[in-house]
Structures are given as C-alpha cells and as structure tokens.
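Treat the numbers as computed from the prediction; the structure is a model and nothing was measured.
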Amino acid sequence: MSSPVGSGQLIFYVNGRKIIENNADPEVMLLPYLRRRLLLTGTKYGCGGGGCGACTVMVSTIHPVSKKILHYSANACLLPVCSLHGAAITTVEGIGSTTTRLHPVQERIAKAHGSQCGFCTPGMVMSMYALVRNHPEPTMDQIYEALGGNLCRCTGYRPIVDGCKTFCNREDCCQLKENGSCATNGVSNHTNGINGVDHASDEDNIRIGLFKEESFIPHDPTQELIFPPELILMENENKVKLTFHGDRMTWISPATLPELLQLKAQYPKAPLVVGNTAVGPEIKFRGVHHPVIICPARILDLHHVTESSEGITVGAACSLTVLKNTLRDAVSRLPEEKTKLFCALLEQLGSLGGPQIRNTASLGGNIVTRSTTSDLNPVLAAGCCVLNLASAGGTRQIPLNESFFRGSETNFLKAEEILVSVQIPFSKKEDYILAFRQAPRRVNALPIVTAGMRVQFESNSDVVRDLWIFYGGVGPTTVCAKATCNALVSKRWNEEMLNEASRLVLDEVSLPPSAPGGMVEYKRALIISFLFKFYLNVQQSLNQMDPSSPDNSVLRSFQSSLARNVQTYQDVPPDQSENDPVGRPIVHQSGIKQATGEAVYCDDMPPVDGELFLACVTSSRAHAKIVSMDFSEALAQPGVADIVTAADVPGTNECTLDDGVVSLLAREEVLCVGQIICVVLADTPSRAKKAAAKVKIVYENLEPVILTIEEAIANNSFFKPQRVMDYGEVDEAFKSADQVHEGEIFIGGQEHFYMETQSMRVVPKGEDREIDVYVSSQDPTGIQDLLGAVLKVPSNRIYCHVKRVGGAFGGKTTKTGYLAAITAVAANKTKRAVRCILDRGDDMLITGGRHPYVGKYKVGFKNDGRVTAVDVSYYSNGGCTSDDSVLVVEVALSTFDSGYKLPNVRCKGTACKTNLPSNSAFRGFGYPQAAFVTETWMSEIAVKCGLPPEKVREINLHRDITTTHFKQEVDARTLIMCWNECLEKSSFQSRRQDIEEFNKSSYWKKKGMAIIPMKFPIGSFAKFFGQAAALVHIYKDGSVLVTHGGVEMGQGVHTKIMQIASHELQIPLANVHLCETSTSTVPNTIVSGGSVGTDVNGMAVKSACQTLMERLEPIKKKNPKGTWKEWVGEAFLQSISLSATGFFRGFGREFSWETNEGDPVHYYVFGVACSEVEIDCLTGDHKNLRTDIVMDVGTSINPAVDIGQIEGAFVQGLGLFTMEELKYSPQGLLYTRGPGQYKIPAVCDAPEQFYVSLLASSPNPHAIYSSKGVGEPALFLGCSVYFAIKDAVAAARKERGMSDLFTLNSPATPEKIRMLCGDRFTDMIPRDVPGTFTPWAANV
C-alpha cells in the first residue's frame, strides 16, 4: 500500500478498527478522543496527570529497530492522539464484553470480588491484560509491578491481587510446591488450588476463601487480538514527516534525524515530546503553551541500543522500560564488577513512576528536563555518563555533571541541539556506586530526596581517589556536593572521614527553612543518612565491617515474605436452599459490567444536542472582598455560551445550615481559596476551562485570615453550638487517681479521593419546568430539595437519578448538592443541558475532606493502668462554613470511648471556623479522630505504668452488658470475643517475643506491633434518620424490578438488596433486577451513609416482598406444584396487584444534648485489629508486614461484600494514619491537588499478610437477617498500623536513651518517623527556630 498522501493524515487502530484523522488536533489527548469521539467510555478519567491509572489502555507498536511488536500499558490521559500514528490501541471494550465473551482478566478480577465502586476496574483490567499479553504466566513480582501505577480507593487491593494471581505459574506463587497446592492465601487445598473455597472447621461451619478458581475461563493466549497487518505494511514503507495543525498548536513528527535537526534549528524553542509525561502535565496543570511541538519518537537513530567495550549507549527516545530491560539483561550476563552502575539505575527504575509512565517516558526527556525529583539524573551523573548531542551544525559530546545541571553555556544543550543518546559506562573493579531514594510512597511517587554516589579508591587501599555525590529534591535541579567530594580525596574510608563528610555536605547542600516542598529538616537528615548508608555499603564491600557492629542492620532490606491473604467466615446452614443467596459470597451485582467497561457512570452518558459543559471560576484569596469581575475576554473565547453568577439564581443563593448560611456562588465576599464565584459554559470541556482562566477578578484582602485550629482558638472563631458531655464525678476521680497525665495530639485531614470526581448532568425537559438530574450523589433527595429552593420549582418537577457512584465515602453529599444546584441554575438560564465534571485538581480544591482534629486531654488512672477519669477537649478545623462540622463533633463526643469503659468523663467538642474550604462528612464521621486521641492516651498510660499497651487496653475494655458515658446500655460480649480471637489468630504473644528479639539485634531497623479494639455505633441522633422506602414490581414473565432509596457507591447495597428480594420471594437471584435510585420512584430518601444502607432499605424491600407474597399465597395454595411464572400469570388474570411499596420507619432513637442522655445507638459493630510493621530508622520508611482483623458483623448477608468493605476501609484508614497529608500554603491554597502530590495507599502498601475473620455465631437481633452494617467501622482499625509504627519508634528511642513519652502526630509519615528516631545524624543537622521564618506549608 502507499503512504498517506500529504503529511497530515493520522492512521491508527482502536480495538481492531481503523481510524483515519485528516485534521488531528495536537491538543487532544487519547482519553477524551476515546470517550467523546469514539464513545468508548470504559476508559475513565481519574486525574488527568497519569497518577491514578483509571485511564489505562494497551498500546501496541512496532519497535523502530528490532521490528518486534511491543504491547505495553499507558495512560490515555497523557497520550496525544497525534503521537499514535501507526499504533494499535486496545481498550477494555476491545478485550471482552457481556454480549460477546469475557476475557479471563475481566472475569477473574470481577469474580474474585476485586470490583466495588468499579471506577478503577477498567484500568486495573488493562494493566493486567498488558502484562499477560507479554507474560501469560506472570510472577507475583510482575503482578505487583504491573498494578503499581493503578490506584483503588475501595477494595484495599487484596481481592484484585487474588484475582490476578490465578494467572501465575503455581510453582512461582506457591510455598507448598511439593504437593502442588498453594498457600498464598493461607489455604492448602488440593481440590481448589490457589483460591478455593474451603472448610476450615466443620464444628462451626467455617469457610476460607471467597471464590472457586476452577470455575474460571481458562486463559488461552492464542485468542488475543492480532496486531493489524496494515500497520506492519506501513512500518515497512518509507516514512514521511507528519504535520498536524490545531487552533493553537502545531505538531510535527519528523521521520529522519536530519529532518529533526532542521526542525530544531527552525523552531529552537519547541519542546521535544516522546511520552508527554513531562510536557503534558506542564501544559495541563501550569497552563504552559507551546505553539510548536516536535515528536521525534519515529526516528530510528534515537532508539538504537548498542554495546561496546566502554559501556552501553541508549537512544534518547528509548522508554524507561526499554532502559530497564536493557540494563537487566546486561546484569544477567556480564561480570558483576562491570554492572555496578547498571544495578544502581535498576534500583531507581524499580520504583520510578508507575509502569504506564515508564512505558512511555523517554530516557532523554528524563535527563533534559533536569527535574529536581529525577531519580535517574543523580545516578547517571555519579556514574559519569556522557550525552551525545547533535544539531544541524554537527555533533558533540558533553559529560552529565554538575555544570550540565547548572545549565552552563558550554555544558548544556543549545537551543538548536537535541540529545541523541546516552553513554552509560561499565563500572570498574575499583568502582562502588549506589542509588538512594525516599518517597511518600514506595512506588509511583516522586522522591522527597534522591541520591547517586560513587567512590573510587587507590589501588588495594581504602584511600579515596575520587568521589561523586549528587542529590535530587534539595534544590531547583540535581545538586552536586563537589566541594565535599574534593575535600575527601586522599582520605581513608573510615568513621573520621564519614563525620567530616557529613559536616561538609550539610554546609554545601544547604536548604533554606522556607524551601519549596517543606520537610526541610527531614531532607537535611536524609542527605547525611544516605551518605551513611553509602559509607556502610562500601565498607562492607571492602570487607571492613565488624560483624558485631550494630550498623550491620542498615544493610539489611525490609523483611519480605510471601504475600498471604486469608478470609474466614461462617457458611450458611447445611439445610439452606441452593437457590437462597443470603449468606453466600455473591459477586457484586455490577462487578462483571464494571470489569468490561459497560457499567455506565454519570459522565459516560452521551451528550444530547446542544449540551454545554461547565467550568468553575474559584477564589484565589482566602478572605477578601470582590471588587469587580470582568468577563469580556472569557466571553470572547470560541465556543463560550454564557457565564453564570449569583445574579442568575432565580430562587435562593443562600443555603441555610445549622450555623448561618452558605452562598452557592460568591457575591460580594469570598471566605476561602477555592470558593466558587461563577461558572463558564462552553461547547466542550476544554473550551470552558480555558475561558474560565480568562475571567478577571479584582479583590480587596480582608482580615483576619484564619487557617489553623490554633489561630481559630486565638480568634475565638467557632461554629455554634459547642458541645459538652459530663458523666460521673470527674474532679473527685482525678483526686483519687494514682497518676494524672496530660497531653495533646493532632490528626490531619484526609481527602476523599473517590476515583470518580464530582459528576452531574442537568437536562431541562422542555415543559412545566421539569428537569432530569443525573448525578453521582449519596443524597438524591437532598439535591432535589436544594434545587427546588434554588430554582423556585416544586420537588415534583425535579427528578434525580443515580445509577451508580464511583466512590463517595461521605464526599458526595452536601458539596455535590451545591454543585448540582449551580449546574441547574446554568441549565435554567440557557434552557440547555449542562454537564459538570470536575477536574481532579478542582475537586480537591473545592470540596474539602475529613476534619483535622486537635485533642487536648487529661487522664487519671491507677498504677495497674485502669482509667478512672478523663477530661478531653476536641477542636476540629471545620473550614469556612459549618456543613456537617457540628454533627461530626457530636459523633466524636459520643464515640470517643471507643472500646473502653470510662467511669468518669468530661469531654468538650468545638468546630473551628477557618478560611479553608468547608470540611464535610467522611467515612467514620468523627469517630476515627476521637478514638485515635483515646488510643493515644491509652498508649501513654502504658508508658507511665511500665505496662505493655495491650494490657492497659485489655483491662479497660467494655465487658459484658454495661453502659456508655451517655448512659445507654451496650452489650460488649462480642467485643471480648473479637479481642481474644484476634490475640489467638495473630499469635500475638509469641510474635511479640520475636519482635523483642529482633529489635535487640537490629539497631537501625525496628519492628513494632499493636492490637486495637473498636466499638462503632450504628444509629442516629435524629428519629427521622433511618426511615426507608422501597418499590417492588413483579412482571408477567416472572422477572422482578426492585427500587429502593439507597445509593450504590461500591458498598454492595444493591447486591445485598437483590439477595434479600430473592430470599423473600423465593426466586433465583437471576430473576431480580435493580436499575437505579430515583426520586421519581422512591421519594423522600435519606442520605446513603452511616453504614445503614442495607439495614433500612433491606427492611423496606423485605416489607414490600412480604406484601407481594401475601397476595400470591392463595394462588400458591391452589397450585402448590406450579412455577413462579405460573403463579404470577394467574395473579395478573385475577387482577391482583403485582406491585408493592415497603416502608421502614427507622430506629426511633434520639439524644438530648441538654441532659446528655438518650439512646442514639441502635447497635454496635465490634472489631479488633493487630498489625505488625518494620521501620527504617535512617529514612523513616516503613513496611506493613501483617494485619489480622476479627470483626463482629453479625450474620453476614454477603461475606464477600462485607470482607471487601472491611479490607477497603482498613486500607483507607491506613492511609489516613500513615501517609495521606493535605498541605496548604500560608495563604490558604491547597498544594496537594492530585495524586502527584497527595498519596493514597497503593498496592504495595496493603499488608503483606492480610487475615480477615468474621466472628462466628454472633447474630445481631437489631437488624435484617441478624446482620450488621459494615461500611465504615473498620477504617479506624487502620490506626493499628500507626500504633505499631509508634511501638517500633519507641523501641528505637529506648535504645538511644530518649524519652519513652513522645508525640507522633498523625499521619505517621516517613518524615515524622525519621525525626523521632533521633541519632547522631539528626543531632548534626541545622535546626530552624519556629517564628523566625514563614514555613512552606501551614499545619491546619
């Protein structure tokens, strides 16, 4: 075939379909192209920056040199469509569907219960699919690596990994190789193999495992999509230069090196883009504009990899994955002494970005950007690599050294030059080179500090001949400690040299106290901690290490054991019907559709004609008066339809809250950075966003600006009412206590980070002011009420529809309502459909999250650890409006006792009013913060009494039937059962002894363990909360449609409701369908939250089904051998209604704050978690080794759903307490506005061994089928990891002669861990005096 005529025709394939674009827009990424142009909505938008993996697709290309077909995962949000010429793209729709056949990857992830809200599932599927295309029987390491670039907020990753590991060669993933069975999930079972459902105990009918592997479709690699033959023919033809012109940008893809050099001379300022992993985020997030972009990805010369006697030369356009594979191959076949530099680079490549980034990012781009966070540049520079440059005027070589990073005239690329290749030399026998990094998360996270170090010695000596030390993360670019290196030449490699080197490098690599990124003292500590690690590693290589030296522990890696996951639960009774699904581990109702990309989320709905897209204009000031707004430039932008302000609201712009009002759109004054002032409407999302940036607002700053809890206290800035609870004789109890202890602890906030950002569509119906609202919300009725007030329209004209929600966790209640109301105002003004899908950055900026808390406590206790009195004050950072802040405080006060009986209590709760975006409901709703404070002083009591923390906790536990501090009775018998079972299952005592022995012999690595109880309330302070309604239709063919008031957001409420309907109607589950939650079918619903979804809606559905069964009963009696369909048909003929409503009045409970008495709790969920960690005292890094959880969830309706909720909540809690940090500027701007800056747990952060048991024989008489709500409680148990870390830190401090009592504010990040493990290096670093400088971030 012939080449494309001209140079502007783009040809690529998507799922085997040929795509020809004659007018490709250089600014369009593959993700919106797939979703909007090709209507392939299975690929999701999660962050837009390549940090979450929701948009993962597989790219297949022909390698320019080897001509081999490559298959690799990539982020569609970063791939310009113009870069795909000659490529084949495979999306989740292209590998299987429910209407054709499922691909084994889709089936196994879904049926292993690895999909909850499902929004991340297509990305997970495609990452795993790309892996099995290359490795049909992958290793466990390859699976973890493949999933390293994908985030999940729901599952805790365990079920995803379990589904994926069914592809493994059994010998690779199994411990019990000799008998062919697998123990990776703790089960040795000949019949069921890797993941069989097995009986663990016949006595209690206990089962292990949640799915049967033998039922899965076999994986046949020969049945995959073939690479399009046409693209092979295209690759073999003469290539031509491609040029694509957009409205603002031109994309040029040269075919040869001379063409490239000519273009670079013509457009010297044009960036070269291969993977778009640097330039793409720069354009998207920083608004940088490039009129011309040059893509050299098709040029053969830039992909060559050659090996010579000096080393390996790698083409600049080679991806980091190609670099990794090249170096790995060299290490496997070359002598060790030649590959020391390669090994150091591989160390960095193992955790640099996710696989999607490594597969597309180029080596040349990584070097030339000179990013301070480059993991490779310090190592390449220390290894004395050489850069081969070319221009139209010729070629030259420059060393990759300190002058390159400084950008010196002679030793940096000239504007017209390009980097052709990189020479990576072989190391020599006398070389010692190592790489170091520390990041907020072990994988897919930019480093805090990174380093490359190399030393050469004089022949047969330990005298330094030459030394190279480079750091990243401590300056604007990679930094060389050149003066330090020069000063150490001719020194002997000993302790004296190390001490001198540490002092010198701290002087040379200096960080100002206000340095960008913060963590200044920690970075200083890492600078010399890495140097110490390098020193010891070299000493070991020189055979100079004393075998008895405590420093040997520095050289040991974290303990690694085979991943093992066990799920234990009570099976259904032996006599239960096979067709009765209640109590069985049924797959999530939408799991398969979510794995195939067929599940429809709000933004997956196709736009209607004339639909507009909304972009928000938000305040850039924390507290200011709006002086003026200029819309002229924004309105002049192409595609802009209108701008909506507060003046356009037909009804109320002020939403009444418990404490004042909140404006939908700011009118005269702004109260925080991120407050919405107006919105821009345009015909595409990108045009709306660009126009929004053109709105000009003039402000006049107002005082005071209050950001922190301390500032709020100083300014008496609080929301009313402040709540107080008193119980017992507190003052007398303090007098009689053996000891009294006082303290203070801080716990930071948390971003919801639901994978689906805030999403809604408002569609005017054209008559009677009716509107359809399609929204991703937990509270459709709340939105209906709000829109009615804002539009001055009765609720019976507003129809809210919620099909499913891509994660919520409390974050899609009030804030979603405000956004929906603004969208409705826009639709009302324009009389057109309007869609609002927030970018991840805007979502995080606008919506708030979990409340930060300060707890100030005074506690009295006996010498045996028994608590006698508690006086505690809680202060939460509520933000600029009250939202749910006062209610969150109320819950905190009523639950702070957690699992403990506290005889005398005084507690006070205050929500602080600050100039931050309002914080809101979040899974746990105040309980995690309050109970965390309690566990803090419990652990400190143990220190004061000289007792193990678990003994103090145990002696204070609620036991039997007792009362709370608000005088409500609580039956805590199952709490003690959970405690004892967790101690036994975790082998707590023997492992505690093992940890003590380990810590005695390991100075720099410490282990810690903690066991934490939990008593979580299910109920409400208000009587009306808990009511629910349902509507059940039986159709003439016997199929059943169920509608109820609960919203499906991943917690499995629809699945459980279908199980309930199946059970009550005595029909197969396949006969039951559940479509959506809609205010037009079930009115006046309550918000889906508080873990009561199944409790209340299940009762309503049960009521409706029982009504229907009563109507059918006479027909069944007359024809007992008839079928369900026959009975239903007969009922129709007899004019018997086959539709019924059901209603549940709720819990009927309330509480009085005047008397501090009431019965707000319907029942309690109990649980206990035991976690073990290992920390690195030199860096602050930690590893989650093992967690055991025992939960009392009553009689589970669906063990798979319940265990999934427990694991997911636990890992989300692990994030809250150990890694997730929201950082604000001193001016109130949120820095952490995406996965690049804000780190939630990844697959590597889940406990390596994860055991979850549902307490057997513990029915709950207060809820449907003796079950319990389970969505929220286990989040708090994530703090068991925090307290295990604190235990390990305490062991380190004790050995160093430091105080046993110390404050570890949450989250327990690497920075805090390192700085608390004091040593001679932390003593060496310069300290900055608070108040003498403005910190980079405010501690809100």
Exercise for review: Give the intermediate values and the outcome of side chain to side chain contact (heavy atoms under 4.5 Å, CB included) for residues Y72 and T61.
Suggested key: CA-CA 9 Å; Y72 57 86; T61 59; 3.8 Å; yes
I'd like to check [X] versus [Y] (side-chain heavy atoms, cut-off strictly below 4.5 Å). Are they in contact?
X	Y	value
M1049	K812	no
K44	C55	no
H71	I69	yes
I89	Y13	no
Y1251	N565	no
V775	S759	no
E598	T98	yes
I592	L102	yes

Any chance you could measure [X], atom [atom1], to [Y], atom [atom2], to the nearest 0.5 Å?
X	Y	atom1	atom2	value
L320	N325	CG	CG	11.0 Å
L210	K111	CG	NZ	15.0 Å
T91	L38	OG1	CG	9.0 Å
T1094	H1054	OG1	NE2	10.5 Å
K165	Y144	NZ	OH	7.5 Å
I11	L84	CD1	CG	13.0 Å

For the student: nearest non-hydrogen atoms of [X] and [Y], plus distance:
X	Y	result
G48	K284	O-CD, 3.2 Å
K1056	D1202	NZ-OD1, 2.5 Å
Q1205	G1050	NE2-O, 3.6 Å
T43	R35	O-NH1, 2.9 Å
L78	N276	O-ND2, 2.8 Å
Q1059	P581	NE2-O, 2.8 Å

Donor-acceptor pair, distance only, cut-off 3.5 Å: does the side chain of [X] make one with the backbone of [Y]?
X	Y	value
N579	P1068	no
Q1249	A563	no
Q223	H219	no
R441	I1240	yes
Q106	V92	yes
T155	G114	no
R358	G353	yes
S319	V322	yes
N134	L131	no
N444	G354	yes

**Study point:** Test log, rule side-chain hydrogen bond (donor to acceptor under 3.5 Å, both in side chains), inputs S115 and Q594
**Key:** CA-CA 7 Å; S115 184; Q594 289 164 183; 2.6 Å; yes
Practice item. For Y129 and E224, run side-chain hydrogen bond (donor to acceptor under 3.5 Å, both in side chains): C-alpha distance rounded to whole Å, both residues' side-chain angles, the deciding distance at 0.1 Å, then the answer. Key: CA-CA 10 Å; Y129 176 75; E224 307 292 5; 3.1 Å; yes
Exercise for review: State whether the number of non-hydrogen atoms from other residues, nucleotides or ligands found under 6.0 Å of K68 atom NZ is greater than 12.
Suggested key: no
Review point. Around R101, counting heavy atoms of other residues, nucleotides and ligands shown, do more than 12 lie under 6.0 Å from its CZ?
Key: yes
Practice item. Kindly indicate, with the supporting measurements, whether the criterion ring pair (Phe, Tyr, Trp, His ring centres under 6.0 Å) is fulfilled by F809 and Y754. Key: CA-CA 7 Å; F809 316 112; Y754 28 70; 7.3 Å; no
Practice item. For side-chain hydrogen bond (donor to acceptor under 3.5 Å, both in side chains), just list the numbers for Q356 and S73, CA-CA rounded to whole Å, side-chain angles, deciding distance to a tenth of an Å, and then say yes or no. Key: CA-CA 5 Å; Q356 296 95 323; S73 59; 4.7 Å; no
Is there a donor-acceptor contact under 3.5 Å linking the side chains of [X] and [Y]?
X	Y	answer
R108	T166	yes
N150	S127	yes
E1207	Y157	no
T568	R207	no
T139	D141	no
S1039	N1071	no

**Study point:** Validation row, ring centre F216 to ring centre F211 under 6.0 Å
**Key:** yes
Point to revise | Working for salt bridge (Lys or Arg N to Asp or Glu O under 4.0 Å), residues D603 and R835 | key: CA-CA 8 Å; D603 193 34; R835 183 182 304 235; 2.9 Å; yes
Check your understanding: Are H85 and F12 close enough, and set up right, to give a ring pair (Phe, Tyr, Trp, His ring centres under 6.0 Å), and what steps lead you there?
Key -> CA-CA 5 Å; H85 186 73; F12 63 103; 8.9 Å; no
Check your understanding: Is it true that E21 and R37 have a side-chain N and a carboxylate O under 4.0 angstrom from each other?
Key -> yes
**Study point:** Charged N-O contact under 4.0 Å between K324 and E145
**Key:** yes
Exercise for review: Check whether NZ of the Lys or CZ of the Arg R840 lies under 6.0 Å from the centre of the six-membered ring of F753 and within 45 degrees of that ring's axis.
Suggested key: yes
Point to revise | Working for ring pair (Phe, Tyr, Trp, His ring centres under 6.0 Å), residues F1250 and F1210 | key: CA-CA 11 Å; F1250 204 176; F1210 175 85; 5.5 Å; yes
Practice item. Give the intermediate values and the outcome of side chain to side chain contact (heavy atoms under 4.5 Å, CB included) for residues E756 and C602. Key: CA-CA 9 Å; E756 176 198 34; C602 190; 4.0 Å; yes
Practice item. Walk me through it: do E1048 and H588 pass the test side-chain hydrogen bond (donor to acceptor under 3.5 Å, both in side chains)? Key: CA-CA 11 Å; E1048 176 58 59; H588 191 287; 3.1 Å; yes
Check your understanding: For the residue pair Y774 and H801, does the interplanar ring angle fall in the parallel (under 30°), tilted (30 to 60°) or perpendicular (over 60°) class?
Key -> parallel
Practice item. Step by step, work out the side chain to side chain contact (heavy atoms under 4.5 Å, CB included) result for L10 and I20. Key: CA-CA 6 Å; L10 176 68; I20 300 176; over 6 Å; no
